[in-house]
Amino acid sequence: MNNPYYFIGMKEYNGIPASPGIAIHHVFAHYADSIPLPQYSLQESEVENEWSRYQSAVDRASDEIRNLMENLGAAASGKHQLLDAQLLMLQDPEMNDKIKKTLPETLQNVEWVLSEYINSMVNRLEASGDEYLAERSLDFMDVARRITNQLLYRERLSLTRISKEVILVSPNLLPSETIMLDPDKVRGIALDAGGKTSHTAILARSLGIPAVLGLRSITRNIKPDDLLIVDGNRGVVIVDPDEKTLICYRGKLFEQEKRESELVGLKNLPAETQDGKRINLLANIEIPEEIELVLASNARGVGLFRSEFLFMNPREQPDEDRQFRAYVKVLKAMDGLPVTIRTLDVGGDKLLPSMDGLDESNPLLGWRAIRFCLEEEEIFRTQLRALLRASVYGNLRVMFPLISNAEELDSALSILAEERRDLEAGGTPMSKNMPVGIMIEVPSAALISDVLARKSDFFSIGTNDLIQYTMAVDRGNEKIAALYQPYHPALWRLIKMTVENAEAACIPVGVCGEVAGDPVLAVMLLALGLDDLSMGAYSIPAVKRIIRSVNAGEASVALESIMNMATADEVESYLNGWMGDKLDK
Ligand code: PEP
Ligand code: MG
């Protein structure tokens, strides 16, 4: 896929168009863990401070291990032994004395001193000829990595302190790092890794930062001061553009701004087809601050509040009151319009700080979302209490992510009922009829959606994960991005089945995955009879424009045709042809 196209001095790289828009700025390279270890000299007067930095990094690394052991639970005794050993190593007096002694001798920063010490230890262990000792060298390296990560943590925070407009170039970005970016400074993103519906891509779109992901080797092809064009519409990054290309892209930027201002005119018009069929367009948010954008887009509600992003602050986890305030803020701002808050969906690519180092061989098939919450009951109960208390401040709907069987839903509902009873006994005011629904994002849930519909007040179809799990394609893996197919007939059959089962049970059903924000597919969802579509607020105007330009009767005929098609390509070219020039306007 990466196909550098050489001009004189200028190079063009192809990746995945992950967040639309164009940006032209200089590079800011961010290498996170792969950053070369910093080495610098200290003044004598700085040694004491360096030693305290080291001690507190060791303390934080020890806390990290203790949290990890708690999260693993008693069952994982093998891992406990290993982590116990690491805790002991962190307190190893020989290592700590050596670091303390070496600092004033070498006057080098402590990351460097530590790595020198660990390298010499590892060499000694490996040269010992003793297999057991040689294997322990891995533990030493792991302990050093934990301390170094803590020491360099401030470097990672430096992403929040970017002080001029730049294009951020990095091997990858975690969702927790992306959420910290300031879109007034980070004007574009270019990453080696990632896919179109990875959470990093979703956040870039929410923040309105043009992004190209899955570039594979962009970090190896830039120099610190290069000028870059990020074209998030085409999925192209141009390094060191020539004058002609720059002029052409400045023209495109101008066109883009003009188009955006035309779309603003649609703000107060309904999402209604030419023959009068309406659908509700709602917005997805990650943090309460996004509500301004939602209001500006005139969304008919919040269809998905990804509450886990409240938990991504590495310095503190939100307690019940802090969550309550965040939920109330959104409910009040939406002033009676529906607000669907999804309970904590962590795991996979969204790790809580306390889950750092959680070692699962298949995290996306692992300890995620409702599975995590049903085990970490106290975290779940705290969130449910905050939600129940907030329910009187607006039109709140609560939903559970990644339900894959009926038992999970039963357990989640009974925990919710217990919390409601407790709060009632204490006289806390709560809404009596807060709808409680589920996300349909695992094929098993779609296949038993008739059963689940009897236990749910509504469904919201999460196509991002539904595609990932139906096609067995990691949504963040750029190597197999072409197999991640929103047009795949299998997806459309599962959505159809889910909608029919929801209709039979008389419960509303919406879509909150990225498919809802794709103008072509949004029209197919409308034809399928979805009640609402929830998408990043930035997608609402374009989706509304297309819906207003089509005829629902004709869309139903097109839908019938794609249901019997064999391949995603066939569906895509048929729909693009059917939409024709409506798409280009
Ligand atoms: C989805 O899976 O479609 C969804 C909306 O949830 P998320 O993208 O947060 O996994
Ligand atoms: Mg999901």
Side-chain angles (χ1 to χ4, degrees), residues 18-19 174-176 178-179 194-207 213 281-287 290 299 301-312 339-352 363-373 397-404 408 437-446 449 458-477 484-486 488 490-492 494-495 498-499 509-518 521-522 525 530 532-537 539:
S19 176
L174 295 172
S176 51
T178 315
I179 195 95
K196 194 167 185 145
T197 60
S198 62
H199 287 97
T200 301
I202 292 173
L203 288 167
R205 291 196 284 274
S206 295
L207 293 167
L213 270 49
L281 302 187
L282 286 76
N284 293 349
I285 62 170
E286 284 71 38
I287 47 171
E290 274 181 88
V302 170
L304 168 64
F305 178 173
R306 291 181 164 96
S307 68
E308 56 276 9
F309 286 96
L310 296 175
F311 292 72
M312 299 269 158
V339 172
T340 305
I341 302 184
R342 172 174 78 185
T343 57
L344 193 59
D345 182 0
V346 287
D349 62 340
K350 290 178 289 191
L351 295 185
L352 293 182
L364 291 169
L365 301 180
W367 198 39
R368 277 194 58 185
I370 197 69
R371 302 166 183 182
F372 172 90
C373 283
R397 311 193 318 164
V398 167
M399 73 176 167
F400 303 127
L402 210 82
I403 294 289
S404 61
E408 282 169 343
I438 60 169
M439 293 199 65
I440 301 286
E441 49 185 349
V442 181
S444 63
S449 49
F458 65 92
F459 284 162
S460 185
I461 305 176
T463 49
N464 305 337
D465 278 321
L466 192 54
I467 298 171
Q468 160 164 270
Y469 295 126
T470 302
M471 285 148 223
V473 174
D474 175 349
R475 63 197 255 195
N477 183 341
Y484 185 94
Q485 297 175 328
H488 197 305
L491 173 74
W492 292 87
L494 286 174
I495 297 179
T498 305
V499 173
V509 51
V511 168
C512 64
E514 295 300 294
V515 159
D518 175 313
L521 297 177
L525 294 172
L530 270 295
D532 47 57
L533 303 182
S534 193
M535 62 199 77
S539 296

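All ligand and atom numbering here is 1-based and tracks the order in the structure.
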**Report entry** Distance-only donor-acceptor check, side chains Glu286 and Ser206, under 3.5 Å
**Finding:** yes

Any non-hydrogen side-chain atom of [X] less than 4.5 Å from a side-chain atom of [Y]?
X      : Y      : result
Ile438 : Glu408 : no
Ser460 : Leu304 : no
Thr178 : His199 : no

Got a second to check how far [X]'s [atom1] is from [Y]'s [atom2], nearest 0.5 Å?
X      : Y      : atom1 : atom2 : result
Ile440 : Ile495 : CD1   : CD1   : 11.5 Å
Ile461 : Leu494 : CD1   : CG    : 9.0 Å
Asn464 : Arg475 : CG    : CZ    : 4.5 Å

**Report entry** Arg368-ligand 1 polar pair, N/O distance under 3.5 Å
**Finding:** no

Requested in this report: Indicate yes or no: does an N/O atom of Glu308 lie under 3.5 Å from an N/O atom of ligand 1?
Outcome: no

**Report entry** Asp465 atom (N/O/S) at minimal separation from the Mg ion (ligand 2)
**Finding:** OD2

**Report entry** Minimum-distance atom from the Mg ion (ligand 2) among N, O or S atoms of Glu441
**Finding:** OE1

Enumerate the atoms of ligand 1 whose separation from the nearest heavy atom of [X] is less than 4.0 angstrom.
X      : value
Arg306 : 4 (C), 5 (C), 6 (O), 7 (P), 8 (O), 9 (O)
Ile202 : 8 (O)
Leu304 : 5 (C)
Lys350 : 9 (O)
Arg475 : 2 (O), 7 (P), 8 (O), 10 (O)
Asp465 : 1 (C), 2 (O), 3 (O), 10 (O)

**Report entry** Which residue and heavy atom of the protein sit nearest atom 7 (P) of ligand 1, plus the separation
**Finding:** His199 NE2, 3.2 Å

Query raised in the report: Which residue holds the protein heavy atom closest to atom 6 (O) of ligand 1, what is that atom called, and what is the gap in Å?
Result: Arg342 NH1, 2.9 Å

Report summary line: Within the 4.0 Å heavy-atom cut-off, what Glu286 brings close to ligand 1 is neither

Report task. May I ask whether Met535 has any heavy atom positioned less than 4.0 angstrom from an atom of ligand 1? Result -> no

**Report entry** Derivation of the salt bridge (Lys or Arg N to Asp or Glu O under 4.0 Å) call for Lys196 and Asp518
**Finding:** CA-CA 12 Å; Lys196 194 167 185 145; Asp518 175 313; over 6 Å; no

Query raised in the report: Is any side-chain N of the basic residue among Lys350 and Asp345 closer than 4.0 Å to the acidic one's carboxylate O?
Result: yes

